[in-house]
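Below is one structure, written out as structure tokens; the observations come after it.
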Protein chains: 2
Amino acid sequence: MDQIARTTKDLGHILRAARRAQNLTQADLAARAGLWQRTVSMIETSASGAKVETVFDLLAALDLELHIVPRSKMSRDDLEDIF
Amino acid sequence: MDQIARTTKDLGHILRAARRAQNLTQADLAARAGLWQRTVSMIETSASGAKVETVFDLLAALDLELHIVPRSKMSRDDLEDIF
DNA sequence: CAGATAAATGATCTGTAGATCATAAATCCG
DNA sequence: CGGATTTATGATCTACAGATCATTTATCTG
């Protein structure tokens with residue numbers, strides 16, 4: 001049920017959804033994260049490949065966390081679908 | 001049990017550990033990811049703030065996936081520790 | 001220890017992210 | 001519809017990542 005990002009486009013979508021879920025404008029989020037509205041817009045629309053640091057700033061401002069997991073690892077649900 | 005990265009330093013450590021677990025040299029990984037040994041070294045030692053795209057390349061080459069989860073979400077284990 | 005393999009790092013060059021200010025284009029809402 | 005709010009973008013400048021080649025420094029291993 002959690003969000004998986006394989007591309008910067010995924011990342012942008014996830015960040016945008018999270019921001020909206022918290023009723024924040026790009027400007028709000030930018031302020032919280034110490035960035036600029038322009039930058040938030042660019043990242044959400046993946047109009048430019050952000051730097052990792054910047055993404056960490058956004059994630060922190062949104063109370064999100066990055067988990068790194070083996071790609072092959074199947075979820076309980078996946079297994080149930082198969083067996 | 002999965003790895004959590006909050007900083008580029010965390011990321012570097014996780015990537016290095018994953019690479020070693022798969023018995024790859026920095027040069028091997030660089031080749032797989034279409035990067036340079038120098039770049040892999042820089043990122044693993046967090047000697048420089050990488051770009052997101054580059055990290056995605058490394059994760060893919062290592063068969064790893066990025067999950068984005070709410071920070072506050074506690075694991076079953078955390079709860080057990082408290083209650 | 002010596003030789004081999006791996007990792008760190010120097011130097012240069014190009015491309016581009018983010019800062020910054022400003023405005024255009026969308027979207028919302030009464 | 002029309003005004004307000006939000007998002008997308010234009011332009012410029014600085015900083016720095018990644019490409020590329022080469023070399024030094026660790027780390028292994030027989």
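The model shown is predicted, which means the values in this text are computed figures rather than measured ones. In what follows, every heavy atom counts, from backbone to side chain, and hydrogens, waters and symmetry copies are set aside. Just so we're on the same page: letters track the sequence lines, and every chain starts at 1.
V69(A) approaches H67(B) most closely through the heavy-atom pair CG2-NE2, 3.3 Å. A pairwise comparison of heavy atoms in I4(A) and I14(A) identifies O-CD1, 3.8 Å as the closest pair. Shown here for F56(A) and A5(B), the closest heavy-atom pair between the two residues is CE2-O, 3.3 Å.
Non-hydrogen atoms lying under 4.0 Å from DNA chain D are contributed by nothing in residues 5-12 of chain A.
In this structure Q37(A) satisfies the side-chain hydrogen bond (donor to acceptor under 3.5 Å, both in side chains) test together with Q26(A), sequence neighbours excluded. By the side-chain hydrogen bond (donor to acceptor under 3.5 Å, both in side chains) test, S48(B) is found to be paired with no residue, residues two or more places apart in sequence or in another chain being considered. Partners of D10(B) under the salt bridge (Lys or Arg N to Asp or Glu O under 4.0 Å) rule, at least two apart in sequence or in another chain, do not exist in this structure.
When atom types are taken as modelled, the side chain of R32(B) and the backbone of A61(B) share a donor-acceptor pair closer than 3.5 angstrom.
Taking hydrophobic clusters as Ile, Leu, Val, Met, Phe, Trp and Tyr residues chained together by side-chain heavy-atom distances below 4.5 Å, V52(A) does not share a cluster with M42(B).
With rounding to the nearest 0.5 Å, the separation of CG in D63(A) from CZ in R71(B) is 4.0 Å.
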5' to 3', nucleotides 5-21 of chain C under a 4.0 Å protein heavy-atom cut-off (B base, S sugar-phosphate only, - none) gives -SBBBBB-----SSSBS

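Checking D57(B) against T54(B) by side-chain atom types alone, no donor-acceptor pair falls below 3.5 Å.
Over its length, the helix from dC1(C)-dG30(D) to dG30(C)-dC1(D) turns its helix axis by 70°, as judged from the five terminal pairs at each end, rounded to 10°.
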